[in-house]
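What you see is a predicted model; the values in this text were computed from it and never measured.
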Amino acid sequence: MVVPRNAATVVLLRPDDHGGFEILLTRRPAEMRFLGGFYVFPGGTVHRDDYASDTLARCRALTGDDARKILGDRHDPDEALGHWVAVVRELFEEVGILLCVTEAGDEVDFIDDAIRWRIELKRQAIVRKQLDFGAFLESENLFCDLSRAVYFDHWVTPEIYSMRFDTRFYVAALPENQIPLSRSEEVTHSLWIKPAAALARMDRHDFPILPPTTTVLQDFSRFPSWERLCAELKLGRALNFG
């Protein structure tokens with residue numbers, strides 16, 4: 001039996017103009033070994049660097065002990081925190097969204113073209129493994145705001161698969177003044193879509209999608225509004241609406 005690897009996945013949300021909300025889906029390149037060509041949520045394996053001391057020193061709003069309790073006491077405090085860091089890193093690597101703040105606690109400046117391009121070049125360097133995420137945070141004097149990633153579910157790949165993941169699911173809101181990349185090294189296409197609309201497409205040949213993605217979409221489709229979603233999932237300040 002293949003031992004599943006620790007992983008983290010994030011459902012990125014944004015409110016629409018009618019009181020509802022949309023979810024970001026990304027399509028994996030067809031050549032990828034795991035779920036190549038399928039629509040998924042951003043995410044990936046938890047790396048050792050995600051809970052290295054220099055990386056954790058650049059994290060705010062969640063302690064290792066609290067992270068460990070949230071994940072059911074299944075990891076030591078640093079490794080538990082690393083799941084949240086993996087969310088921040090993977091979201092940045094795949095679609096360029098940063099769940100970070102400055103040293104003063106302010107939003108990252110994505111309005112200035114020069115800053116945005118400098119950060120994008122560093123994102124590309126991280127993907128090419130020329131720069132590690134902790135070094136990137138230090139170079140920009142940024143801090144992961146772990147309160148923005150709210151844990152809500154846990155899935156383990158069935159034993160029949162040759163690649164298995166022990167995946168923690170999180171939800172986060174699109175930060176102010178940030179726009180996800182439409183494509184990247186790990187994404188051939190990304191789109192904002194309402195959960196019900198995504199489920200309506202699931203039988204189409206041009207919209208390949210599988211559980212647990214479909215199951216999560218079903219769970220989110222039951223929320224009638226953005227306000228109700230925030231209230232029931234206790235998102236509050238994590239989504240900047242508290």
Side-chain angles (χ1 to χ4, degrees), residues 1-13 23-24 26 34-35 40-95 97-101 132-134 137 142-159 161 163-175 210-220 223 229-240 242:
M1 183 180 68
V2 177
V3 177
R5 290 182 284 175
N6 293 328
T9 290
V10 57
V11 180
L12 190 67
L13 307 167
I23 285 176
L24 185 74
T26 61
F34 187 75
L35 294 180
V40 297
F41 303 114
T45 305
V46 178
H47 299 163
R48 286 188 178 275
D49 286 346
D50 291 330
Y51 47 96
S53 58
D54 60 337
T55 303
L56 295 184
R58 292 253 156 205
C59 294
R60 292 181 173 177
L62 185 68
T63 69
D65 287 339
D66 285 342
R68 182 174 184 270
K69 291 175 184 176
I70 292 170
L71 299 186
D73 296 324
R74 291 189 55 191
H75 306 277
D76 67 44
D78 284 357
E79 187 177 22
L81 269 181
H83 284 70
W84 271 260
V85 175
V87 166
V88 179
R89 176 183 53 76
E90 289 285 349
L91 191 60
F92 182 51
E93 288 183 10
E94 294 188 18
V95 295
I97 296 299
L98 265 178
L99 302 181
C100 292
V101 293
D132 66 57
F133 188 60
L137 294 172
L142 296 177
F143 295 80
C144 297
D145 183 356
L146 302 186
S147 70
R148 299 189 182 202
V150 179
Y151 174 72
F152 76 93
D153 208 354
H154 182 203
W155 284 75
V156 180
T157 310
E159 296 179 6
Y161 289 91
M163 291 186 68
R164 301 183 64 214
F165 297 93
D166 185 333
T167 306
R168 304 292 182 152
F169 280 75
Y170 299 79
V171 58
L174 179 68
L210 290 171
T213 306
T214 52
T215 307
V216 172
L217 288 169
Q218 289 168 347
D219 290 341
F220 277 85
F223 293 109
L229 182 149
C230 292
E232 289 202 21
L233 293 184
K234 297 181 173 60
L235 299 178
R237 287 187 61 194
L239 295 190
N240 299 322

**Q.** Min side-chain heavy-atom separation Pro175-Ile97 under 4.5 Å
**A.** yes
Q) Got a second to check how far Asp145's CG is from Leu98's CG, nearest 0.5 Å? A) 11.5 Å
**Q.** Gap separating the OG1 atom of Thr63 from the CG atom of Leu81, nearest 0.5 angstrom
**A.** 7.0 Å
Q. Between Thr55 and Asp50, is any pair of side-chain heavy atoms under 4.5 Å apart?
A. no
(Q) Could you report the tightest heavy-atom contact between Cys144 and Phe133, atom names first, then the distance? (A) SG-CE2, 3.8 Å
**Q.** For the student: nearest non-hydrogen atoms of Gly82 and Val46, plus distance
**A.** O-CG1, 3.8 Å
Q.
As a quick check of understanding, evaluate side-chain contact (heavy atoms from CB on, under 4.5 Å) for Leu62 and Ile70, giving each step before the final call.
A. CA-CA 11 Å; Leu62 185 68; Ile70 292 170; 4.2 Å; yes
Q. Just by distance, do the side chain of Thr167 and the backbone of Ala7 share a donor-acceptor pair under 3.5 Å?
A. no
Q) Given side chains that start at C-beta, do those of Pro4 and Thr157 come closer than 4.5 Å, heavy atoms only? A) no
(Q) If you compare all heavy atoms of Leu99 against all heavy atoms of Ala172, which two are closest, and at what distance to 0.1 Å? (A) CD1-CB, 3.9 Å
Q: Could I get the full list of salt bridge (Lys or Arg N to Asp or Glu O under 4.0 Å) partners for Arg168, not counting sequence neighbours?
A: none
Q. How many angstroms lie between atom CG of Asn6 and atom CZ of Arg48, to the nearest 0.5 angstrom?
A. 10.5 Å
Q: May I ask you to test the Asp153-Thr215 pair for a side-chain heavy-atom distance under 4.5 Å?
A: no
(Q) How long is the straight-line distance from CG of Leu91 back to CZ of Arg148, given to the nearest 0.5 Å? (A) 11.5 Å
**Q.** Side chain proximity check, Leu233 to Val150, heavy atoms < 4.5 angstrom
**A.** no
Q. Are Val2 and Met163 side-chain neighbours, meaning at least one heavy-atom pair lies under 4.5 Å?
A. no
**Q.** Atom pair OH (Tyr151) and CG (Leu71), whose distance is rounded to the nearest 0.5 Å
**A.** 6.0 Å
Q) Sequence neighbours excluded, which residues qualify as side-chain hydrogen bond (donor to acceptor under 3.5 Å, both in side chains) partners of Asp219? A) none
**Q.** Residues in salt bridge (Lys or Arg N to Asp or Glu O under 4.0 Å) contact with Glu93, at least two apart in sequence or another chain
**A.** Arg89
Q: List in chain and number order the residues that pass ring-ring contact (aromatic ring centres under 6.0 Å, His included) with Phe152, two or more places apart in sequence or in another chain; answer none if no residue qualifies.
A: Phe220
Q) Between Phe169 and Phe41, how do the two ring planes meet: parallel, tilted or perpendicular, split at 30° and 60°? A) perpendicular
Q.
Check whether Thr9 reaches the backbone of Gly43 with its side chain - one donor and one acceptor, N or O, closer than 3.5 Å.
A. no
Q. Which heavy atom in Ala80 sits nearest to a heavy atom in Gly64, and how many Å separate them?
A. CB-O, 4.4 Å
Q) Do any pairs count as a salt bridge (charged side-chain N to carboxylate O under 4.0 Å, His left out) and have a residue in residues 70-83, sequence neighbours left out, and if so which ones? A) Arg68-Asp73, Arg74-Asp166
Q | Qualifying ring pair (Phe, Tyr, Trp, His ring centres under 6.0 Å) pairs, either residue in residues 49-88, two or more places apart | A | His75-His83, Trp84-Tyr170
